[in-house]
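One-based numbering along the sequence shown. Atoms within a ligand are numbered from 1 in the order they appear, just like the ligands themselves.
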Amino acid sequence: MRIAVYPGSFDPITKGHLDIIKRASKMFDKVIVAIAVNSSKRPMFTFDERKALLEKSVASVPGLDNIQVEAFDGLLVDFMHQHDSRIIVKGLRFVSDFEYEFQMALTNRKLDEEIETMFMVTCYKYSYLSSSIVKEVCSLGGDVTDMLPEAIMDETVAEIKNRSKK
Ligand code: ADP
């Protein structure tokens, strides 16, 4: 069974993330979306909230039934071993993603040479998109219709507005 792991903070999931999940879902038997719980970024949404938003978005896409959402903490290679996976899937946006992702891919291979990182080039229309951009635009009252999955749009917009007031 080919199992891929798609790691990230997903704070919150965007249409860019969902696009990568849909495409990876066709390439592998199972895709584990690994939500980083203790990354250096301070998340706006708790792990449970990020998981719920991800699962709701995935459930809204017909046929997307080989996706599993898990928490991950510590080394990604340890998580990969625990879940019997050797393939890391990452999305690549502009050149700005490249340097960091290149370094991470080489580090993970150094830690375990059996592990491969596969990059999927972003869909052009989501190439500018990140969770931080969504939070920023939304907290300033801008329209994020094309940025968030429809299934989670209203609740996410309301929460971001609410939390960014504090
Ligand atoms: P963000 O940068 O949006 O906070 P994450 O840290 O959750 O995202 O990123 C997880 C993975 O998703 C990374 O591999 C990242 O490159 C990818 N990704 C994020 N946004 C997009 C997008 N708009 N298109 C393609 N891949 C993306």
For residues [X] and [Y], determine if any side-chain heavy atom of one lies less than 4.5 Å from a side-chain heavy atom of the other.
X      : Y      : result
Glu150 : Lys15  : yes
His17  : Ser131 : yes
Phe72  : Ile32  : no
Pro12  : Glu159 : no
Val77  : Ile115 : yes

Quick one: does [X] get a heavy atom under 4.0 Å from ligand 1?
X      : result
Ser132 : no
Pro7   : yes
Tyr128 : no

Considering Val33, Ile88, Thr122, which one's heavy-atom position lies nearest to atom 24 (N) of ligand 1?
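Comparing heavy atoms across Val33, Ile88, Thr122, the nearest one to atom 24 (N) of ligand 1 lies in Thr122.
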
Only heavy atoms count here, so choose which of Met120, His17, Arg50, Lys15 is nearest to atom 18 (N) of ligand 1.
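The nearest heavy atom belongs to His17.
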
Proximal ligand 1 atoms for [X], defined as those under 4.0 Å from one of its heavy atoms:
X      : result
Asp97  : 16 (O)
Tyr126 : 22 (C), 23 (N)
Gly8   : 7 (O), 10 (C)
Ser9   : 5 (P), 6 (O), 7 (O)
Ile20  : 25 (C), 26 (N)
Phe10  : 7 (O)

Tell me, which protein residue and heavy-atom name are nearest [atom], and how many Å apart are they?
atom                    : value
atom 2 (O) of ligand 1  : Arg93 NH2, 3.0 Å
atom 1 (P) of ligand 1  : Ser131 N, 3.8 Å
atom 16 (O) of ligand 1 : Gly91 O, 2.5 Å
atom 12 (O) of ligand 1 : Tyr6 OH, 2.7 Å
atom 13 (C) of ligand 1 : Lys90 CE, 3.9 Å

Is the side chain of Ser85 donor-acceptor paired with the backbone N or O of Ile3 at a distance under 3.5 Å, no angle test?
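Yes, the answer is positive, given that a donor and an acceptor are paired below the 3.5 Å cut-off.
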
Of the non-hydrogen atoms in Gly91 and Asp97, which two are nearest, and what is the gap between them?
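For Gly91 versus Asp97, the nearest heavy atoms are O-OD2, 4.0 Å.
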
Might you point out which heavy atoms bring Ala105 and Phe119 nearest each other, and give the distance in Å?
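Looking at all heavy atoms of both residues, the shortest contact is CB-CZ, 4.2 Å.
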
Gap separating the CD atom of Glu55 from the CD1 atom of Ile152, nearest 0.5 angstrom
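It comes to 12.5 Å.
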
Is Thr14 close to ligand 1, meaning an N/O of one under 3.5 Å from an N/O of the other?
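No, no N or O pair falls under 3.5 Å.
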
With a 4.5 Å cut-off on side-chain heavy-atom distances among I, L, V, M, F, W and Y, is there a chain of contacts connecting Ile67 to Leu53?
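Shared cluster, yes.
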
Check this for me, if you would: do Arg86 and Asp112 make a salt bridge, where the nitrogen-to-carboxylate-oxygen distance has to be below 4.0 angstrom?
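Salt bridge flag = no for Asp112 with Arg86.
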
